Student: 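Take a look at this one; I'll ask things after.
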Amino acid sequence: MDDLSQIRLEKLQKLEELGVPTYPYEFNKTHDFKEIIENYKQHSNEELEKVEQVFKIAGRIIALRKMGKSSFLHLFDGEEKLQIYIRQDMMPEKDYAVYKLLDIGDIIGASGKLFRTHSGELTLLAAELTFLTKSIHPLPEKWHGLQDKELRYRQRYLDLIVNPDTRKVFNLRSRIIQQIRLFFYQQGYLEVETPMMQPIPGGASARPFVTRHNALGIDLYLRIAPELYLKRLLVGGMEKVFEINRNFRNEGISMKHNPEFTMLEFYQLYKDFNYYMDLTENLISLLNKEFLEDGRIVFQGQEISLKPPYPRKKYMDLISEKAGISLEDLWDEEKLKAFIEKNMPTEDMPPTYGKMLELLFDHYVEASLQQPTYVTYFPKAISPLSKKSRQDSRETERFELYIAGMEIANGFSELNDPLDQRGRFEAQVKDREKGDDEAQLIDNDFLTALEYGMPPAAGEGIGIDRLIMLFSGADSIKEVILFPLLRPKTGLPGESGEPGEQAEAAGADETEPGARR
RNA sequence: GGGACGUUAGCUCAGUUGGCAGAGCAUCGCCCUUUUAAGGCGGUUGUCGCUGGUUCGAGCCCAGCACGUCUCACCA
């Protein structure tokens, strides 16, 4: 315990000696700061004098300016800040004694009337003060806030207290998700929740996290996608379903990747992928209307227009154009291999044809897709769950929406032919044997479901975190996830890092799971 | 996993050629009844990430480790 905390604990002790409840149970506030500011922002001092209402408010002290027998404090209620004015001659003696023991960071309630200061700031003249909670630790500095990204993520609560923009991002996130839900509810979609723990991780190409169910004695996987379960619901007759929930992928962490991330998936019977490209444009139009001035965003210094419609370009055409390889050669595995050997000599040769295509796409195409673009008709080799194209059986009715070089959405006409699906899974098995450890696994239970008959349907997934990045201008996915995954700290700040001991201690904890709760 | 950079007071950051550990804010004391990063005067505050090495002497040089940030790879 450092000196600063010691001093604050002593103040807490003094409050107790004064008979002040130091951890009271409730405080009946009458207004949020936002309400007060919005209702009275136009009122002059004369008008405020006529307001009879007494306002009871509560918040955390984030600034404290003492001037002899009076003080101005700024309180922060999590969303807005409001100034309160304290005068010794306007307040009960006991409350003033409490005030003198306050620190920045403490949480208090106050009641009184509103007025405007000489400089025009709407301020509450405190007639009463209620102590609510002590902050034993000092807050980060008022002017620079909390800059250290690591501390901002590890101690997000501090970030939220001292960096107002952080709160704005998460408010926006909540409102966007709310609008998305509304959008689907209004079209008659049913919101569902499907398993996070799956015996066979399916629906995407990614490495899963493994976990263990002791009672059943089986390994389970945290889901990499909800897709195969949502399609079971289509078989069951749910005509329009969506799910907003976490997916888990055991991959690297980057500005665009967090191991757990939020995915919106939605499905509708009797529709195809064209319908969902249109629907996605409608959804983004709605979000534009709600959250953007003119449908434009500035993302990493670049202006991007989110105004639909978006151009639709074939996957193979894009590679052919950007990489400078003929379509004929692109469809020929041997010629493609030769192209990679010649033009990308530093790359390891991908183990499968599909991986070769992805290599070219990532290398030549992805970064060029800054303005919103639908990439369409993905080859069958890399789309094991999509229906084959009506026009070219080598391709599928699949699209991905790219914005700012990021994949935002992925949708297709869902493959509902169980025999074709089985064949696609078997092709995936072959890919796995060739060394593609992300190839999908056969899910026989899912195939059985398809065999009962899944109507034609469209399906799509949208990466919510990335969508929020676009609308908030955040340059990192960590800025839109409250608690992004960080390596756990070994030892407390100041302690010497003895990683071996720490790991051992953590391991010992794990051996008695029952003792943990 | 690779590379670059970083880690100094509660926070934001300086720290020169290797020679007493610094500033602002916070905090403590005094003054101050309309301040706005309030102001004035005076104090306190450190395992310089960890471990070792070089040196008469290391925040600074060297090695290893830990953690972070950025970036590349993989992925959405």
Side-chain angles (χ1 to χ4, degrees), chain A residues 2-8 10-11 45 62-74 81 83-91 103-105 115-121 123 125 135-155 158 162 204-207 224-225 247-263 346-348 350 355 358-359 362-363 366 400-402 406-410 436-438 461-467 469 475-478 486-491 493-500 502-503:
Chain A
D2 58 40
D3 291 348
L4 295 171
S5 297
Q6 195 55 48
I7 289 163
R8 285 168 178 245
E10 283 163 14
K11 287 180 180 174
N45 230 339
I62 54 165
L64 182 49
R65 294 180 288 278
K66 298 190 181 187
M67 290 168 300
K69 295 181 175 60
S70 76
S71 293
F72 286 94
L73 347 191
H74 270 115
K81 60 180 188 175
Q83 181 167 260
I84 70 173
Y85 184 42
I86 288 175
R87 292 171 56 130
Q88 186 170 18
D89 60 4
M90 300 286 282
M91 178 176 276
D103 286 301
I104 292 172
F115 75 106
R116 227 168 250 291
T117 63
H118 287 170
S119 55
E121 181 164 351
T123 301
L125 176 60
S135 172
I136 311 260
H137 298 292
L139 292 183
E141 198 217 9
K142 58 187 170 186
W143 186 243
H144 299 91
L146 189 63
Q147 297 295 317
D148 186 313
K149 284 187 183 175
E150 181 188 359
L151 287 182
R152 288 185 48 230
Y153 302 145
R154 282 190 197 283
Q155 295 181 280
L158 292 179
V162 301
S205 301
R207 293 183 193 86
I224 56 175
N247 287 348
F248 307 86
R249 298 191 184 173
N250 208 338
E251 310 278 359
I253 296 172
S254 81
M255 305 286 273
K256 293 174 190 167
H257 301 86
N258 194 60
E260 54 177 310
F261 63 101
T262 300
M263 180 73 106
T346 59
E347 296 285 344
D348 292 335
K355 285 275 168 190
E358 285 176 351
L359 174 66
D362 293 347
H363 189 265
E366 194 174 62
E400 287 188 351
L401 174 60
Y402 276 83
M406 292 193 293
E407 184 190 334
I408 298 296
N410 177 17
D436 178 0
D437 53 3
E438 289 173 354
I462 294 181
I464 293 294
D465 309 285
R466 289 182 175 179
L467 193 69
M469 284 171 72
D475 57 1
S476 164
I477 198 166
K478 290 189 172 76
L486 304 174
R487 191 184 297 273
K489 266 282 194 223
T490 55
E495 268 181 30
S496 68
E498 280 291 335
Q502 295 287 347

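Just so it is clear: chains get the letters A, B, ... in the order the sequence lines come, proteins before strands, and each one is counted from 1. Everything numeric here is computed off the predicted structure, so don't read it as measured data.
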Student: Just compare U34(B), U69(B), A73(B) and give me whichever is closest to any side-chain atom of R87(A).
Tutor: U34(B)
Student: If you measure from the ring centre of H118(A) to the centre of the six-membered ring in the base of U34(B), is it under 5.5 Å, with the planes under 30° apart?
Tutor: yes
Student: For C13(B), which nucleotide is its Watson-Crick or G-U wobble mate, given both distances must be under 3.5 Å?
Tutor: G22(B)
Student: Please assess H74(A) against I84(A) for the test side-chain contact (heavy atoms from CB on, under 4.5 Å), listing each intermediate value before the final yes or no.
Tutor: CA-CA 6 Å; H74(A) 270 115; I84(A) 70 173; over 6 Å; no
Student: What pair of heavy atoms forms the shortest contact from R249(A) to A225(A), and how long is it?
Tutor: NH2-CB, 4.2 Å
Student: Look at the side chain of S70(A) and decide which nucleotide, out of U33(B), A76(B), G68(B), has an atom nearest to it.
Tutor: U33(B)
Student: Quick one: look up who A4(B) pairs with, Watson-Crick or G-U, both distances under 3.5 Å, and put none if it's unpaired.
Tutor: U69(B)
Student: Please state whether the phosphate of A26(B), meaning OP1 or OP2, lies under 4.0 angstrom from any side-chain nitrogen or oxygen of K142(A).
Tutor: yes
Student: State which of U33(B), U27(B), U35(B) makes the closest approach to the side chain of I7(A).
Tutor: U27(B)
Student: Report which part of the nucleic acid K149(A) touches: base, sugar-phosphate, or nothing (heavy-atom distance under 4.0 Å, all strands).
Tutor: sugar-phosphate
Student: With stacking defined as ring centroids separated by under 5.5 Å and planes differing by under 30°, is F261(A) stacked against A76(B)?
Tutor: yes
Student: According to the Watson-Crick and G-U wobble definitions, with both distances under 3.5 Å, which nucleotide is paired to G29(B)?
Tutor: C41(B)
Student: Does Q83(A) make a side-chain donor-acceptor contact with the base of U35(B), cut-off 3.5 Å?
Tutor: yes
Student: In Å and rounded to the nearest 0.5 Å, what is the CD to CG distance from E141(A) to L146(A)?
Tutor: 10.5 Å
Student: Could you please name the partner base of U55(B), counting Watson-Crick and G-U wobble pairs only when both distances are under 3.5 Å?
Tutor: none
Student: The side chain of R249(A) is closest to which nucleotide in this list: U27(B), U35(B), A76(B)?
Tutor: A76(B)
Student: Now, which nucleotide makes the Watson-Crick or G-U wobble pair with G64(B), with each of the two distances under 3.5 Å?
Tutor: C50(B)
Student: Ignoring hydrogens and angles, answer whether the base of U27(B) and the side-chain atoms of D103(A) contain a donor-acceptor pair closer than 3.5 Å.
Tutor: no
Student: May I have the step-by-step check of side-chain contact (heavy atoms from CB on, under 4.5 Å) for I104(A) and L64(A), ending in yes or no?
Tutor: CA-CA 7 Å; I104(A) 292 172; L64(A) 182 49; 3.8 Å; yes
